[in-house]
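Lettering of chains follows the sequences in order, A, B, ..., and the numbering in each one begins at 1.
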Amino acid sequence: MRLKIRNPQDFWCGLFFVALGVLAMYLSRDYAMGTALNMGPGYFPTWLGGIMIGFGVLIGGLALKREADEDQAENIREWAFRPWLVLPATLAIFALLMDADAGFVPSLLVLIAGCALAHKDVRWRETILLSVGVTAGAVAIFYYGLGMPFDLFWWSK
Amino acid sequence: MADLLQNLILGFSVALTLQNLMYCFLGVFLGTMIGVLPGIGPLATMAMLLPLTMSLPPISALIMLAGIYYGSDYGGSTTAILVNLPGEGSSVVTLLDGHPMAKQGRAGAALSIAAIGSFFAGCVGTLLIALVGPPLAYVALSFNSPEYFALMVMALVCASVIGTGSLLKSLAMVVVGLLVGIVGTDVSSGKMRFGFGIPELSDGVGIAVVAMGVFGMTEIIRNLAGAHMTQTISTAKIQGLMPRWVDLKASFGPMVRGSAIGAVFGPLPGLGGTASAFTSYLLEKKLAKDPSRFGKGAIEGVAGPESANNACAQTTFVPMLTLGVPGSASMALMLGAMIMHGITPGPQVMTSRPDLFWGLIASMWIGNGMLLVLNLPLIGIWVRLLQVPYRLLFPIIMTMMGIGIYSLNNSGTDVLLMSFFGFVGYILVKLGCSFPPLILAMVLGPLLEENLRRSMLLSDGDPTVFFTRPISGGFMAATVVLLLFFTLPALRKKRPLDDPEKAPGQP
């Protein structure tokens with residue numbers, strides 16, 4: 001019998017869960033297992049990793065048997081690459097800037113401008129106005145209004 | 001009875017202080033405002049606004065968070081009626097008749113009946129918590145570890161059985177949530193687990209961080225994919241906000257029946273607002289003299305489900321407050337907030353912190369009243385808000401998320417973690433997984449492990465302990481029956497409770 005992936009969404013989902021289960025068991029290898037009566041820190045995560053692999057195999061295995069329905073096939077095909085990559089990256093840059101004490105204002109300007117890159121029609125004038133406006137609003141609310149202990153700029157320590 | 005009165009007086013004396021009234025109002029107002037935005041349900045709203053409540057005293061924080069919860073629930077129905085777009089799962093039902101009413105120029109009547117129904121149901125729900133809470137907490141005091149373990153297993157299975165999407169994937173997501181819950185220092189051995197060398201992880205991953213990543217960020221990414229970037233909303237002027245007597249009379253029955261359905265569904269784990277709203281809708285349709293009116297703007301189709309939804313929203317607090325075991329992801333978030341404020345959840349909350357328990361309940365009643373009084377005049381503002389293009393809206397939401405999460409611990413690590421969960425969350429959305437089971441499991445994880453450990457000590461390592469003790473055995477039996485009930489038909493065909501509208505990621 002030839003094996004064929006009939007349901008790509010379920011197949012990759014199963015694979016993802018198997019990988020996660022293997023990772024959990026791998027990470028737990030150094031934690032003491034203990035016994036059921038006296039569980040060590042490794043007992044629960046190791047079992048969970050095993051169960052996770054079980055679910056993954058089951059889901060992935062069924063994907064070889066059952067056809068995907070229309071929604072599933074479409075869902076996995078249309079991947080919004082641009083916002084998926086841009087938004088987390090923008091937030092990460094914001095986090096790093098804040099941690100590097102670049103200041104609240106510059107970090108926010110970068111965050112909002114970065115968001116604008118996440119969709120297709122980038123309008124520069126609008127983006128600049130929005131960044132300035134939202135930053136001003138956020139400074140007013142969070143810094144002056146709620147008195148949060150941020151430094152506004154890198155020189156204002 | 002005298003006890004109940006005394007307790008309610010205590011509650012109102014807490015909830016009616018100027019400070020708490022203000023936070024209740026703030027919660028309801030902000031909750032409605034964010035909840036109105038399409039695609040953001042109560043869970044995402046709570047996660048987004050949770051950081052704002054962190055600096056408050058515990059009672060005020062919980063009162064505000066509860067206000068956010070039912071405020072956003074109500075905001076969702078406003079969006080459903082005005083725009084043909086459900087903000088969250090349960091308003092899918094409100095939309096069926098609410099939007100046709102708006103198209104006929106009766107948006108005002110639909111909105112006011114939704115508000116009145118919600119208020120009515122809120123009163124019933126609040127009274128019910130006050131009545132049922134104390135005896136339930138009394139019973140729960142006799143619970144031991146095996147009972148708690150079995151109860152949590154049941155809650156987790158229920159949440160996955162009744163969600164949207166594939167049952168297997170939901171159960172797998174429970175395991176993912178339990179794994180995320182392990183991150184941090186193990187309470188019994190003091191060993192750091194799944195730390196990846198990041199010292200900030202020693203307290204575990206914050207629930208707000210995960211919830212905002214998987215709900216807030218994935219939702220924005222999905223919206224940006226172009227599905228509904230532009231939306232049309234009925235710009236017709238909304239008039240007739242004062243309901244007519246005929247409408248009120250037609251709605252009274254549905255409100256009573258809806259509240260009853262919601263109040264019964266609420267405390268059961270996993271059965272959220274969507275299920276109760278659907279049940280109420282189907283019941284009203286069956287009872288109606290002319291069922292064909294439904295779907296074309298029947299006011300009963302708005303009044304019933306809205307009442308059911310809100311009564312359910314109210315009574316889901318029962319297991320969280322009295323047993324310390326949340327039945328839904330939103331309640332898991334509430335529980336997480338309680339823990340962050342240093343309150344150990346469980347049946348003892350009612351006796352050790354009666355001010356907190358009764359104050360919260362009284363505030364819910366007040367908050368529902370506020371919703372009724374405030375939202376009718378504020379609808380104009382919500383309509384404006386809905387007209388802002390998404391392109392301008394989402395950077396503002398992202399900014400709020402970024403600042404909110406950063407301010408939790410004043411650390412960028414939390415923001416990095418959130419963006420990681422958003423990134424992985426989108427993959428999981430594409431793989432057809434839903435998140436409420438994950439959030440619930442993440443909060444219950446540490447409790448589940450601790451109670452498993454204690455049960456095993458109690459029984460000398462004999463796993464049959466969960467089945468031989470009467471109460472935990474009952475929970476386990478119910479879990480097995482439920483699983484069989486949903487898997488047997490699934491093996492043949494699709495699951496019976498699959499919603500016609502799919503709302504992945506939302507409870």
Find the one option among A:Ala95, A:Gly40, A:Cys13 whose heavy-atom pairs under 4.5 Å with chain B are most numerous.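 Looking at each of A:Ala95, A:Gly40, A:Cys13 in turn, A:Cys13 comes out on top.
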Could you check which of A:Phe81, A:Phe17, A:Phe11 has the highest count of heavy-atom pairs closer than 4.5 Å to chain B?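 Answer, by heavy-atom pair count under 4.5 Å with chain B: A:Phe17.
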Which class fits the ring pair B:Phe194 and A:Tyr31: parallel under 30°, tilted 30 to 60°, perpendicular over 60°?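 The arrangement is tilted - the two ring planes meet at 30° to 60°.
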Could you report the tightest heavy-atom contact between [X] and [Y], atom names first, then the distance?
X        : Y        : answer
B:Asp186 : A:Pro41  : OD2-CB, 3.4 Å
A:Met39  : B:Arg453 : O-NE, 3.8 Å
A:Leu111 : B:Met398 : CD2-O, 4.2 Å

Which bit of [X] is near chain A, if near means a heavy-atom gap under 4.5 Å: side chain, backbone, both or neither?
X        : result
B:Leu417 : neither
B:Tyr406 : side chain
B:Phe394 : side chain
B:Ile182 : side chain
B:Ser189 : side chain
B:Val176 : both
B:Phe196 : side chain
B:Ile405 : neither
B:Ser411 : backbone

Under a 3.5 Å distance rule, please check whether A:Trp84 uses its side chain to pair with a backbone N or O of B:Ile221 as donor and acceptor.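 No, A:Trp84 side chain to B:Ile221 backbone: no donor-acceptor pair under 3.5 Å.
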Main-chain N/O of B:Lys430 paired to A:Gln9 side chain as donor or acceptor, under 3.5 Å: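 Checking the backbone N and O of B:Lys430 against the side chain of A:Gln9, a donor-acceptor pair under 3.5 Å is found.
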Which is it for B:Met456 and A:Thr35 under the side chain to side chain contact (heavy atoms under 4.5 Å, CB included) test, yes or no, and what are the steps along the way? CA-CA 10 Å; B:Met456 286 298 117; A:Thr35 59; over 6 Å; no
Look up atom CD1 in B:Ile403 and atom CZ in A:Phe150, then write down how far apart they are to the nearest 0.5 Å. 6.5 Å
dist A:Phe55:CZ -> B:Leu171:CG (nearest 0.5 Å) comes out at 4.5 Å
For B:Leu168 and A:Leu62, run side chain to side chain contact (heavy atoms under 4.5 Å, CB included): C-alpha distance rounded to whole Å, both residues' side-chain angles, the deciding distance at 0.1 Å, then the answer. CA-CA 10 Å; B:Leu168 267 179; A:Leu62 284 175; 3.7 Å; yes
Non-hydrogen contacts under 4.5 angstrom with chain B: give the residues of residues 18-28 of chain A involved, or none if there are none.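 The stretch touches chain B at A:Leu20, A:Ala24, A:Leu27, A:Ser28.
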Flag the one option from [options] with the top tally of heavy-atom pairs under 4.5 Å to chain A.
options                      : value
B:Lys169, B:Met400, B:Met418 : B:Lys169
B:Leu448, B:Leu52, B:Leu392  : B:Leu392
B:Gly190, B:Gly402, B:Gly213 : B:Gly402

